[in-house]
**Student:** 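Below you will find the structure I want to go over with you.
Here is how names work: the chains are called A, B, and so on, in the same order as the sequence lines, proteins then strands, and each is numbered from 1. Every value quoted in this text rests on a predicted model; they were computed, and no experiment measured them.
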Amino acid sequence: MLKPLGDRIVIELVEAEEKTASGIVLPDSAKEKPQQGKVIAVGSGRVTEHGERIAMEVAEGNIIVFSKYSGTELKYEGKEYLILRENDVLAIVG
Amino acid sequence: MLKPLGDRIVIELVEAEEKTASGIVLPDSAKEKPQQGKVIAVGSGRVTEHGERIAMEVAEGNIIVFSKYSGTELKYEGKEYLILRENDVLAIVG
Amino acid sequence: MLKPLGDRIVIELVEAEEKTASGIVLPDSAKEKPQQGKVIAVGSGRVTEHGERIAMEVAEGNIIVFSKYSGTELKYEGKEYLILRENDVLAIVG
Amino acid sequence: MLKPLGDRIVIELVEAEEKTASGIVLPDSAKEKPQQGKVIAVGSGRVTEHGERIAMEVAEGNIIVFSKYSGTELKYEGKEYLILRENDVLAIVG
Amino acid sequence: MLKPLGDRIVIELVEAEEKTASGIVLPDSAKEKPQQGKVIAVGSGRVTEHGERIAMEVAEGNIIVFSKYSGTELKYEGKEYLILRENDVLAIVG
Amino acid sequence: MLKPLGDRIVIELVEAEEKTASGIVLPDSAKEKPQQGKVIAVGSGRVTEHGERIAMEVAEGNIIVFSKYSGTELKYEGKEYLILRENDVLAIVG
Amino acid sequence: MLKPLGDRIVIELVEAEEKTASGIVLPDSAKEKPQQGKVIAVGSGRVTEHGERIAMEVAEGNIIVFSKYSGTELKYEGKEYLILRENDVLAIVG
């Protein structure tokens, strides 16, 4: 199991070519393209300067869209994941 | 459906050439040109260091003007959208 | 109508050559030159980390001096405007 | 009249060559040289994240020393002024 | 003994080639690759602007994944360690 | 008299060659060398976002060590001074 | 005596070649190498935006590890010292 820290989440990539149930197809443009993933694990939220932990908006199982080039790849028990900060999540699809 | 996170909004572009009802025509200048869009979905607002969520000024259905080059494009169920932060919205038209 | 967001204002440029009633003539120098405008619309003010909205110092109808190169141009119903943040306003003339 | 916004002040330059009553003569060095001016108008002070307005330390009539290259020049009713932020004021002379 | 300051931790590197019990194998990619380590010592947490100390999420003995190139290497009593900030820790494995 | 603003101080340089009573001799190294000075005048302290004025640690008459290249030179009634922020003061000697 | 300001400390370098009692030997690597020193004097701590002084974690007499290239060298009464901010201290040894 991977337990992300603070406001980080662990996602599995959902390939755009597979045309998912949620129907997102990424545009073919020169702009920075968003990608989508499925949320596998969610951190407990960042802690503010006041010592308060801010609840996460993203939940396990959500399909999310995020900015390409954000996050860090890692392989765990043979599968590939990406670790993002919630701030890199643009929208929840569903 | 796309549910934007934090202070993000999802908009549909309103082409300047179509000369919309709201009457905005973008100037032909060397400065960074604003563009307009229609708000499709609105996040629940950013959360401050004090754990307070700040209400959004922009609402679904608003026609807005935003700085060109802000936001991230995405295609969803065959239509193109742009995801912006409310801070990239310059004004509401209407 | 244009409703600027947060601490933004919408102004009409007041050309320096016209030598306005308020009497400002911009210096001919290598430094970044200020410009003046008339305030057409005022945002409701920025919201602090504490969720408080800070009242605007600038009001509709004010003649203001601002730093050249600040703001974003836009044309609305055939007239040209500039959208600035209140922080780009240097002084109120009058 | 010029009413500077926030923590800005309007000053008239006091030429160093004139050797003022306050006796400052600017050094001839490679370092960034300070300049002096007389305060003509003072803003009402910056507003903090808590919505509090911070009182200005500088008052109308003060002779001040400020860092060269700070501020914005402007001509008003035939006279040249400089608009600075209070933070660019190094010291009050007197 | 090494007592890290603030939100720092001391870790022992866990070589990816050894294929650990926790099963992480780092991907062979052009992106910045995460690495894993075992936590040896944990600081008492950073102190906020309010003088509150924020509890650490990471504990001694945790296996963690962190961004490559973060931290500072040091050798202590013949063994090599890395000192990281908790913020450089991506996830806890296990 | 020079009254420095906020957390600024006015100092007279104490030349390193003179080998002062306090005994500091600056090292001959490639690193940024500190210098020493005598405090002539002290600001009333910076004001925080909460409107509180933070008391100065440095007092008139102190011999201080500061980072070379900090501050602004000025000549006043024939003598040379340097205006620093308290934050550029490394230590008080004595 | 040297009294460091705010969250600064004065240290004496402990040469890595001497192989100290605490047993640290610095690695021979391309990464930025930490160094160690003995704490001679400690500031009274930084003051937060709330006017609270944050207690120092480092105490006089501690052996510390710090990032190379941090701090400012100075010679005082014939001995060489380094002035660091507590934030540049990685760990206390012992």
Side-chain angles (χ1 to χ4, degrees), chain D residues 6-9 11 14-37 39 42-59 61-71 84-94, chain F residues 1-15 32-56 58-62 64 66-89:
Chain D
D7 60 345
R8 290 182 180 88
I9 63 171
I11 64 168
V14 177
E15 295 301 329
E17 301 79 17
E18 304 178 19
K19 192 145 180 353
T20 66
S22 60
I24 285 195
V25 181
L26 301 180
D28 189 54
S29 96
K31 281 202 174 178
E32 186 175 320
K33 285 179 270 180
Q35 289 187 312
Q36 65 182 314
V39 181
V42 170
S44 40
R46 73 182 177 92
V47 175
T48 71
E49 283 298 300
H50 300 263
E52 286 179 73
R53 196 172 287 276
I54 304 296
M56 302 286 283
E57 279 194 73
V58 167
N62 284 172
I63 302 297
I64 58 148
V65 189
F66 62 95
S67 298
K68 207 178 173 178
Y69 309 123
S70 24
L84 299 171
R85 288 184 176 277
E86 191 182 61
N87 197 31
D88 295 321
V89 176
L90 300 169
I92 297 167
V93 179
Chain F
M1 213 194 73
L2 287 168
K3 182 184 168 297
L5 257 73
D7 60 345
R8 290 183 180 88
I9 63 172
V10 178
I11 65 169
E12 269 180 4
L13 281 185
V14 177
E15 294 301 329
E32 186 174 321
K33 285 180 270 181
Q35 289 187 312
Q36 65 183 314
K38 187 178 171 184
V39 181
I40 299 301
V42 170
S44 40
R46 74 182 175 90
V47 175
T48 71
E49 283 298 300
H50 301 263
E52 285 178 74
R53 196 171 288 277
I54 304 296
M56 303 286 284
V58 167
E60 221 181 293
N62 283 172
I64 58 148
F66 62 95
S67 298
K68 206 178 174 178
Y69 309 122
S70 22
T72 309
E73 291 174 355
L74 95 149
K75 209 178 239 173
Y76 177 66
E77 297 181 344
K79 287 177 80 169
E80 278 192 36
Y81 297 98
L82 199 68
I83 299 186
L84 299 171
R85 287 185 177 276
E86 191 183 61
N87 197 33
D88 294 320
V89 176

**Student:** Taking the side chain as every heavy atom from C-beta outward, state whether F:Arg8 and D:Leu90 have any atom pair closer than 4.5 Å.
**Tutor:** yes

**Student:** Considering all heavy atoms of both residues, which atom of D:Asn87 and which atom of F:Arg85 are nearest to each other, and what is their separation?
**Tutor:** OD1-NH2, 2.9 Å

**Student:** Taking all atoms of both residues into account, what is the closest heavy-atom pair of D:Glu86 and F:Leu5, and its distance?
**Tutor:** CG-CD2, 3.7 Å

**Student:** With a 4.5 angstrom heavy-atom cut-off, is it the side chain or the backbone of F:Ile83 that approaches chain D, or both, or neither?
**Tutor:** side chain

**Student:** For the residue pair D:Ala91 and F:Leu2, what are the closest heavy atoms and their distance?
**Tutor:** CB-CD2, 4.4 Å

**Student:** Heavy-atom pairs under 4.5 Å with chain F: which of D:Val58, D:Ile54, D:Ile64 has the most?
**Tutor:** D:Ile54

**Student:** Side chain of D:Glu52, backbone of F:Glu49: donor and acceptor closer than 3.5 Å?
**Tutor:** no

**Student:** Can you establish whether the number of heavy atoms outside F:Lys38 located under 6.0 Å from its atom NZ is more than 12?
**Tutor:** no

**Student:** Determine the minimum heavy-atom distance between F:Ser44 and D:Glu57, stating which atoms define it.
**Tutor:** OG-OE1, 3.3 Å

**Student:** Side chain, backbone, both or neither: which part of D:Arg53 has an atom under 4.5 Å from a heavy atom of chain F?
**Tutor:** neither

